[in-house]
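Here the structure comes first, spelled out in structure tokens, and everything after it is commentary.
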Amino acid sequence: MINRFQRCIGIRLFRLAGWQLEVWLCPAGEVIPSHSHAHFSSRIIHLFGATEWTMGSKTKSLGILNIGWCRPVPAGVNHSAVTKTFSIFANLERWATSPTSASVDFVRA
């Protein structure tokens, strides 16, 4: 399954019961506004590129040396990102409802 959010492309790699893994490909200069997800908690995993991630009041700049960086994002917690270069991240999701996509369960802050 392929989903889109703005200029980003999300590819669902697997779904098992309430678990789902999406990989997101985002072009340079993409601004993912502050948002939360109401129906799932996740783990964001940085796979490629240069991205500035924000969760709550904390910001982290990630680059090639940070591949594998991972943070839990509980349901309802605001987070955002700005890509400096083409970037890829994985989103391992644990859904409380039937899984759809992070792009569908997107609640702007």
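Atom CZ of R4 sits about 12.0 Å away from atom OG of S101, to the nearest 0.5 Å. For the atom pair I32 CD1 and T54 OG1, the distance stands at 11.0 Å (nearest 0.5 Å). Between the CG atom in L21 and the CG atom in N91 there is a gap of 8.0 Å [rounded to 0.5 Å]. To the nearest 0.5 Å, the span separating CZ on R71 from NZ on K60 amounts to 6.5 Å. Note that CD1 of I44 and NE2 of H79 are 5.5 Å apart. Values are rounded to the nearest 0.5 Å. Put simply, CG on D105 and CD on E93 are 8.5 Å apart, with the number rounded to the nearest 0.5 Å.
When atom types are taken as modelled, the side chain of S41 and the backbone of A75 share a donor-acceptor pair closer than 3.5 angstrom. Between the side chain of E22 and the backbone N or O of A102 there is at least one donor-acceptor pair closer than 3.5 Å. With hydrogens and angles ignored, the 3.5 Å screen pairs a side-chain donor or acceptor of T83 with a backbone N or O of P27. H46 places a side-chain N or O within donor-acceptor distance of the main-chain N or O of G63, the cut-off being under 3.5 Å. The closest donor-acceptor contact from the side chain of Q20 to the backbone of T100 lies under 3.5 Å. Between the side chain of S87 and the main chain of C26, no donor-acceptor pair closer than 3.5 Å is present.
Open room surrounds CZ on F48; 12 or fewer heavy atoms of other groups in view lie less than 6.0 Å from it.
Under the 4.5 Å side-chain heavy-atom criterion for Ile, Leu, Val, Met, Phe, Trp and Tyr, F14 and V104 are members of distinct hydrophobic clusters. F86 and I64 fall within the same hydrophobic cluster, defined by Ile, Leu, Val, Met, Phe, Trp and Tyr side-chain heavy atoms under 4.5 Å apart, directly or through other members. One hydrophobic cluster holds both I2 and I88 under the rule that ILVMFWY side chains link at heavy-atom gaps under 4.5 Å. In the hydrophobic clustering of ILVMFWY residues, with side-chain heavy atoms under 4.5 Å counting as a link, F5 and V73 come out together. Linking Ile, Leu, Val, Met, Phe, Trp and Tyr residues whenever their side-chain heavy atoms come within less than 4.5 Å leaves L62 and I45 in two separate clusters.
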- Item | Test side chain to side chain contact (heavy atoms under 4.5 Å, CB included) applied to S36 and V77, step by step | CA-CA 5 Å; S36 65; V77 172; 5.8 Å; no
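Residues S80 and P33 approach most closely at CB-C, 3.8 Å, considering heavy atoms. Smallest separation of non-hydrogen atoms from S61 and E52: OG-OE1, 3.6 Å.
Taking the ring centroids of W53 and F89, they lie under the 6.0 Å cut-off. The ring of H39 has its center no closer than 6.0 angstrom to the ring center of H37.
Tested against F40 for a ring pair (Phe, Tyr, Trp, His ring centres under 6.0 Å), the candidates W19, F106, W95 yield a single pass: W95.
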